[in-house]
4 protein chains.
Amino acid sequence: MPKVSEQHLEARKQQIGAAAFQCFARKGFHPTTMQDICAEAGLSAGAVYRYFDSKQAIIGSACDVTQETSDQELLAGAIETTDTRQMLQGLADAFFSRLDGPDATTQNRAILQLWAEVAVNDDVRGSFKEREATIADGMSAIVVEAQGRGDFEAALDFQSVVRAMFALYDGFRLQKAIDPSIPTAPYVTVVKALLTGSFWTGVVPEPAKA
Amino acid sequence: MPKVSEQHLEARKQQIGAAAFQCFARKGFHPTTMQDICAEAGLSAGAVYRYFDSKQAIIGSACDVTQETSDQELLAGAIETTDTRQMLQGLADAFFSRLDGPDATTQNRAILQLWAEVAVNDDVRGSFKEREATIADGMSAIVVEAQGRGDFEAALDFQSVVRAMFALYDGFRLQKAIDPSIPTAPYVTVVKALLTGSFWTGVVPEPAKA
Amino acid sequence: MPKVSEQHLEARKQQIGAAAFQCFARKGFHPTTMQDICAEAGLSAGAVYRYFDSKQAIIGSACDVTQETSDQELLAGAIETTDTRQMLQGLADAFFSRLDGPDATTQNRAILQLWAEVAVNDDVRGSFKEREATIADGMSAIVVEAQGRGDFEAALDFQSVVRAMFALYDGFRLQKAIDPSIPTAPYVTVVKALLTGSFWTGVVPEPAKA
Amino acid sequence: MPKVSEQHLEARKQQIGAAAFQCFARKGFHPTTMQDICAEAGLSAGAVYRYFDSKQAIIGSACDVTQETSDQELLAGAIETTDTRQMLQGLADAFFSRLDGPDATTQNRAILQLWAEVAVNDDVRGSFKEREATIADGMSAIVVEAQGRGDFEAALDFQSVVRAMFALYDGFRLQKAIDPSIPTAPYVTVVKALLTGSFWTGVVPEPAKA
DNA sequence: GATGAATGAGATTTCATTCAT
DNA sequence: GATGAATGAAATCTCATTCAT
């Protein structure tokens, strides 16, 4: 009966992964002990090791899980919208709404751990960059499109524009990880204003090349 | 002659702190062993423990050192400029130039470690938040001023504006920590464009409530 | 089946405690290393720490174990005897016979370590005094009884009489700890003589208050 | 000028020895660190090592110092008294008065440490036994004399009698080390009573072999 | 002679991992 | 499949001792 086994195996991995995730968000990867994970998962050490080869493997798995996989879908939906402003606002709402969920703080803190690990651990950096690249590609397409439509200044490096969008998201996530009481809504308003031209209300000089 | 001793003590602390900083940027706080730090500092374990009570103390010290203290000066200089655009551009140049220094990558990676630790370790969170608050206050003054001058949309929550500025900085730092080859200049151009109204070139709707 | 586990746990604690006891008697508490104890117990460091939280805990446990618990029974038996002389002789035989057992020297040396520790370590002093008090109470009852019967000089402070009895026991134990070859029997004879009036054979003056 | 040097050297040794003694009484030999001793003596580590080769040497020296050297004189004085009772009372007063001096507790606790060490450390055992033997010899002479005079039961093993006297002294010292509040006077009364026949007031049987 | 910074061996303790049951 | 006792390498930290100044 490989089906049952398969399912069971997947379920257990899930269970252990979720437990580990909690622990990691709470204490960080390295201070978390296997005992912590076992206790959180309600399993014995032996059991955990049946499903994961090592603590590193659990960390690796947690790193993979950490990044939302639905990013793609959000982007795919967005690109069909041809009104740039509307699309940006939709995207912003979609992305930032994830920072207000019930376990957003857990998520955010775990992601901080992930970033720190990625900066330092070659094993997880690879897949991290890959995933980032995928989303970045999706965003790039959107940015280029908007530039084509004449909504974003065409002279700007589109990759840097994508980076700025990422930064506005991740940088805020960082702040909420450290202080979860920060309200999301007014921040999103500012982000929308920045991206859609209602932030700066002063004089705008003639384009560089006049 | 306590002067000599005092100076020596400070110098050694500096030396050990710098060594630890390197290690932390390279491996993270917890995977770094005292041996690593001793080797990097060229000292024996006993010597290191004459200057720091524990590894935790070294981490704490590194966390304090990590944040640039010159932020204040930059802001102090900026607030005297009354041309908002010019001021923002100056600020952006000043801040972002720090991400291209010779050991910027070390700095950036160490800061990732710091963020991760702050999210998880009450002992370092306190002083971290304090320092952040100080800078945030400086920025707030600038933002409020700019809103007063009619350069930033007055309806925007000024705290959120500050957060967005932080995010644009820290979020990019995160990216450079993970991939140091990213060029800073085009990103700074985008940031300036965002903040000074030359990013969005499409139609700008009438203010929400006209 | 918690029974097995419970029993196992107790057995292991016993085993480790006994091993530690040997080591302590051989080298003293502080010069004994955990390695010594592990080796004596035939266990790894990790195993030992599953049953005791720290070396201090092992010392504490050894201190508790060190004092014979059967003292009470001896005294309980004694108090039923109404012939003071016979009772004292029985008690002396019972107590001192313990100084000639196979591992009496180990015991004696361990007790020296205990005394030294008690004088210096608040943590173990408490329970030590408690246990001593219990035995002292038992002895006191006997002494008061004997005074009531007119066998011991009534004017003597009964607590000091008890102390003298303790001293005759512990002081000899001290000697045997240092030189185990000292024979017990002639010493016991002297003790009996002292307590039952056949030691001093010279003139006895009239009682103080004549 | 060897004289000055000699004197200086002796003075420093004294100073260090006294400091060490305090520390030992307070914490025991092994938990006492060289730093403790240096601090107590008001000297640097280097200075201490100029006068003592090692910590062991300091312990050894402390062990030598610990035992009162005036024992001999007391005994020498005593043996000239021909009234056994008077002599015993004088001896008891002389010896026990030492347990009430200002730093008697320090002394007592240090001696506990010494005993524990002697039981365990061959290096100090030798000189300890020697010194004990000297005093024991002095006491033996007194006891034999008293037996000759018909004051102590002649059938008793004189060495065991000496041991009993030691025990009454050391055993009480042990008690005072642990609880310094115990009063000495009533105890001495009991000791005198035991040794001079006024303790047991009941019927005394005929000598074993009549 | 004196200092006290430095050494480095060694002590205690933890924890990822294994394996007999 | 699951358990959890056992392992032992490795980490943090201490402290007796030395030696340049």
Side-chain angles (χ1 to χ4, degrees), chain A residues 4-5 8-9 12 30-39 41-59, chain B residues 1 4-5 8-9 11-12 16 30-38 41-59, chain C residues 1 4-5 8-9 11-12 16 30-38 41-59, chain D residues 4-5 8-9 12 30-39 41-59:
Chain A
V4 173
S5 233
H8 176 79
L9 189 138
R12 276 275 192 261
H30 302 289
T32 292
T33 70
M34 289 302 285
Q35 279 314 311
D36 290 335
I37 296 173
C38 294
L43 287 171
S44 68
V48 168
Y49 272 88
R50 177 168 289 276
Y51 300 98
F52 287 94
D53 283 348
S54 66
K55 188 184 170 185
Q56 260 317 305
I58 299 181
I59 292 180
Chain B
M1 279 140 245
V4 174
S5 213
H8 175 82
L9 189 139
R12 274 276 189 264
I16 294 165
H30 301 288
T32 292
T33 71
M34 289 305 288
Q35 282 311 314
D36 291 334
I37 296 173
C38 294
L43 287 171
S44 65
V48 169
Y49 275 91
R50 171 173 287 272
Y51 301 98
F52 288 94
D53 282 348
S54 65
K55 188 185 169 185
Q56 261 316 303
I58 300 181
I59 292 180
Chain C
M1 278 142 241
V4 173
S5 215
H8 176 79
L9 189 139
R12 274 275 189 264
I16 293 166
H30 302 288
T32 292
T33 70
M34 289 304 289
Q35 283 311 314
D36 291 335
I37 296 172
C38 294
L43 287 171
S44 67
V48 168
Y49 274 89
R50 170 172 287 272
Y51 300 98
F52 288 93
D53 282 346
S54 65
K55 188 185 169 184
Q56 260 317 305
I58 300 182
I59 292 180
Chain D
V4 172
S5 234
H8 177 78
L9 189 139
R12 276 274 193 262
H30 301 288
T32 292
T33 71
M34 288 303 285
Q35 279 313 310
D36 290 335
I37 296 173
C38 294
L43 287 171
S44 68
V48 169
Y49 272 89
R50 177 167 289 274
Y51 301 99
F52 287 94
D53 283 348
S54 66
K55 188 184 171 184
Q56 260 317 304
I58 299 182
I59 292 180

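A, B, ... follow the sequence lines: proteins, then strands. Residue 1 opens every chain.
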Could you pull out the protein-nucleic contacts involving nucleotides 12-16 of chain E (nitrogen or oxygen on both sides, under 3.5 Å)?
| from | atom 1 | to | atom 2 | distance (Å) |
| --- | --- | --- | --- | --- |
| dT12(E) | OP1 | Lys55(C) | NZ | 3.1 |
| dT12(E) | OP2 | Met34(C) | N | 2.8 |
| dT13(E) | OP2 | Tyr49(C) | OH | 2.4 |
| dT13(E) | OP2 | Lys55(C) | N | 2.9 |
| dT13(E) | O5' | Tyr49(C) | OH | 3.2 |
| dA16(E) | OP1 | Lys55(A) | NZ | 3.3 |
| dA16(E) | OP2 | Met34(A) | N | 2.6 |

Which is the 5'-most and which the 3'-most nucleotide of DNA chain F that has an atom under 4.0 Å from a heavy atom of chain C?
-> dG4(F) to dG8(F)
Could you list the residues that satisfy side-chain contact (heavy atoms from CB on, under 4.5 Å) with Ala47(C), not counting sequence neighbours?
-> Leu43(C), Ser44(C)
Using side-chain contact (heavy atoms from CB on, under 4.5 Å) as the criterion, list what pairs up with Thr33(B), not counting sequence neighbours.
-> Gln35(B), Asp36(B)
Contacts of Phe52(B) that satisfy side-chain contact (heavy atoms from CB on, under 4.5 Å) - sequence neighbours left out = Lys13(B), Ile16(B), Ala57(B), Ile58(B), Ser61(B)
Select base, sugar-phosphate, or nothing to describe what Phe52(B) touches, counting heavy atoms under 4.0 Å on all strands.
-> nothing
Quick one: list whatever passes side chain to side chain donor-acceptor pair (under 3.5 Å) with Tyr49(B), sequence neighbours left out.
-> none
Roughly how far apart are Lys55(B) NZ and Met34(B) CE, rounded to 0.5 Å?
-> 8.0 Å
By side-chain contact (heavy atoms from CB on, under 4.5 Å), which residues pair with Ala45(C), not counting sequence neighbours?
-> Cys38(C)
Those stems involving DNA chain E that have three or more consecutive Watson-Crick or G-U pairs, both distances under 3.5 Å, are E:2-21 with F:2-21
What distance do His30(B) atom NE2 and His30(A) atom NE2 have between them, rounded to the nearest 0.5 Å?
-> 8.0 Å
